[in-house]
Amino acid sequence: RGRRIRQLSMKLYLAGPMRGYPRYNFDAFDSASDALRKAGHEVASPADMDREQGFNPDDKDCEAKLAKLMPSLLSADCHAICHAEAVAFLPGWEASAGCAVELRLAMLLNKGLFVVGDDHQLQPLQKSPRARLLLRHFQLTEDCRKIMAAKNHDYTSDGDPLANFRASTVLDVDPAIGLLLRCLDKFKRLQTFASVGKLAVKNESQVDAVMDVINYMVLLDGLMGND
C-alpha cells in the first residue's frame, strides 16, 4: 500500500523523443502530462519548459530558434531531473539520443525509472524485458569505456592510441588481422563458458571476455579508418 500511495504523489520528469516527430512530439508530451497530473503526479514536461523559454514547434523558424535556445533548454531539463523523484519515459525513448543522456543522469542520481504506457499508466522500467536489456547495454558499455581508457593509457600513447596493434606489422601481420586473432582468444573462452558453465581462471569472468570483445570491435573500427 505504501508504494502505491507514493506513486500517487511523485514528482516526475517526463522524458521522451522529440527530433524526427511531428511538432517535436509535443502532443504526446502534453497528453501524457495531462493524464499523469490527473493521476496526482507533479510533472515537469520538457514541452512546457520549452514553451516557457519561447520555443513553439509550429513556428516556421523553429529549427533555428531551437539551436539558439538549446543550451538553456538542456540546462532546464537537467535541473528538472535533479529535482525530480523519478523519470518517466514516453514510447520511443529507446532510440532517442536525448533520452539516453537523461537516462544516464537519472541513473547517476539514483532516480526512480518508469515507462509511460499507451494508457498513460506508469510501469517500473525494469519490468520491461527490452528496457532491462537496454539498461544492461548502458551499464556494460560504460564499463567498457572505462577499461578502454585505462588499458589504452598503459599500452600506448595519446599520439597513436592504436600503436600497440600496428606493431604487428613487425611480424608481417596486418594490424586488423592481429586484432581479430586476439579476439578469437576471447571467443574461445566464451565458448568454454557456454559449454561448461565455468572458467578455470577465477579473476577473469565471462563478462570480462564479453567486454574485451566489445572493445576489440571498437578498436577494429578505429584501425579501419573510422577513428
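In what follows, every heavy atom counts, from backbone to side chain, and hydrogens, waters and symmetry copies are set aside.
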Undergrad: Spell out, as yes or no, whether a donor-acceptor pair under 3.5 Å connects the side chain of T192 to the backbone of K188.
TA: yes

Undergrad: Would you indicate whether the side-chain heavy atoms of M18 and D50 approach each other to under 4.5 Å?
TA: yes

Undergrad: Could you state the interatomic distance from CG (L181) to OG (S168), rounded to the nearest 0.5 Å?
TA: 9.0 Å

Undergrad: Within the distance-only criterion (no hydrogens, no angle test), does the side chain of S128 pair as donor or acceptor with the backbone N or O of L125 below 3.5 angstrom?
TA: no

Undergrad: Can you measure from CD (E102) to CG (L113) and round to the nearest 0.5 angstrom?
TA: 11.5 Å

Undergrad: Indicate yes or no for a side-chain donor-acceptor contact from T141 to the backbone of H137 under 3.5 Å, with no hydrogens or angles considered.
TA: yes

Undergrad: If I take atom CG from residue L190 and atom CG from residue L184, how far apart are they, to the nearest 0.5 angstrom?
TA: 11.5 Å

Undergrad: Tell me whether K198 contacts the main-chain N or O of F193 through its side chain, where contact means a donor paired with an acceptor under 3.5 Å.
TA: no

Undergrad: Are K65 and D59 side-chain neighbours, meaning at least one heavy-atom pair lies under 4.5 Å?
TA: yes

Undergrad: Does any part of the side chain of D143, heavy atoms only, come nearer than 4.5 Å to the side chain of V207, both counted from C-beta?
TA: no

Undergrad: Classify the angle between the aromatic ring planes of W93 and F89 as parallel (below 30°), tilted (30 to 60°) or perpendicular (above 60°).
TA: tilted

Undergrad: If only atom types and distance count, is the side chain of T169 paired as donor or acceptor with the main-chain N or O of R166 below 3.5 Å?
TA: yes

Undergrad: Is L135 close to M107 at the side-chain level, that is, under 4.5 Å between some pair of heavy atoms?
TA: yes

Undergrad: State whether E204 and K186 are salt-bridged, where the test is any N-O pair (Lys NZ or Arg NE/NH1/NH2 against Asp/Glu carboxylate O) under 4.0 Å.
TA: yes

Undergrad: Between S33 and F29 (side chain of the first, backbone of the second, donor and acceptor by atom type, cut-off under 3.5 Å), is there such a pair?
TA: yes

Undergrad: State the OG-CG distance between S45 and L12, to the nearest 0.5 angstrom.
TA: 11.0 Å

Undergrad: Decide, yes or no, whether a salt bridge links E63 with R19 under the criterion of side-chain N to carboxylate O below 4.0 Å.
TA: yes

Undergrad: Identify, with sequence neighbours excluded, every residue that meets salt bridge (charged side-chain N to carboxylate O under 4.0 Å, His left out) alongside R132.
TA: none

Undergrad: Do the side chain of H120 and the main chain of V116 share a donor and acceptor less than 3.5 angstrom apart?
TA: no

Undergrad: Does Q139, at its CD atom, have more than 12 non-hydrogen atoms belonging to other residues, nucleotides or ligands within less than 6.0 Å?
TA: yes

Undergrad: Report yes or no: does R189 contribute a side-chain atom to a donor-acceptor pair with the main-chain N or O of Q206 at less than 3.5 Å?
TA: no

Undergrad: Please say whether more than 12 non-hydrogen atoms of neighbouring residues, nucleotides or ligands are located less than 6.0 Å from CG in D61.
TA: yes

Undergrad: Aromatic contact between Y24 and F55, with the criterion being ring centroids under 6.0 Å apart: yes or no?
TA: yes

Undergrad: Between atom CG of L162 and atom CG of L223, what is the distance when rounded to the nearest 0.5 Å?
TA: 5.0 Å

Undergrad: Take atom OH of Y155 as the centre, draw a 6.0 Å sphere, and report whether it contains more than 12 heavy atoms from other residues, nucleotides or ligands.
TA: no

Undergrad: Minimum heavy-atom separation for K127 to Q123, with atom names?
TA: CD-OE1, 4.3 Å

Undergrad: Where do C62 and P57 come nearest, in terms of heavy atoms and distance?
TA: SG-O, 3.9 Å

Undergrad: If you define the side chain from C-beta out and look only at heavy atoms, does anything of L90 sit under 4.5 Å from V115?
TA: no

Undergrad: Please determine if D30 and R51 form a salt bridge, counting it only when a charged side-chain N lies under 4.0 Å from a carboxylate O.
TA: yes

Undergrad: Mind checking whether L103 and V87 have side chains closer than 4.5 Å, heavy atoms only?
TA: no

Undergrad: Take M10 and L36, measure what side chain to side chain contact (heavy atoms under 4.5 Å, CB included) needs, and give me the verdict at the end.
TA: CA-CA 10 Å; M10 277 195 295; L36 291 169; over 6 Å; no

Undergrad: Please determine whether side-chain hydrogen bond (donor to acceptor under 3.5 Å, both in side chains) holds for the pair Y13 and E85, giving the CA-CA distance in whole Å, both sets of side-chain angles, and the decisive distance to 0.1 Å.
TA: CA-CA 8 Å; Y13 173 83; E85 290 180 78; over 6 Å; no

Undergrad: Is the number of heavy atoms from other residues, nucleotides or ligands under 6.0 Å of D118 CG greater than 12?
TA: no

Undergrad: Report yes or no: does T156 contribute a side-chain atom to a donor-acceptor pair with the main-chain N or O of D160 at less than 3.5 Å?
TA: yes

Undergrad: Is the count of non-hydrogen atoms from other residues, nucleotides or ligands lying under 6.0 Å from D154 atom CG greater than 12?
TA: yes

Undergrad: Salt-bridge test for D208 and K151: reply yes if a basic N is under 4.0 Å from a carboxylate O, no otherwise.
TA: no

Undergrad: To the closest 0.5 Å, what do you measure between CE (M217) and CG (N215)?
TA: 10.0 Å

Undergrad: For the residue pair K111 and L105, establish whether any side-chain heavy-atom pair is separated by less than 4.5 Å.
TA: no

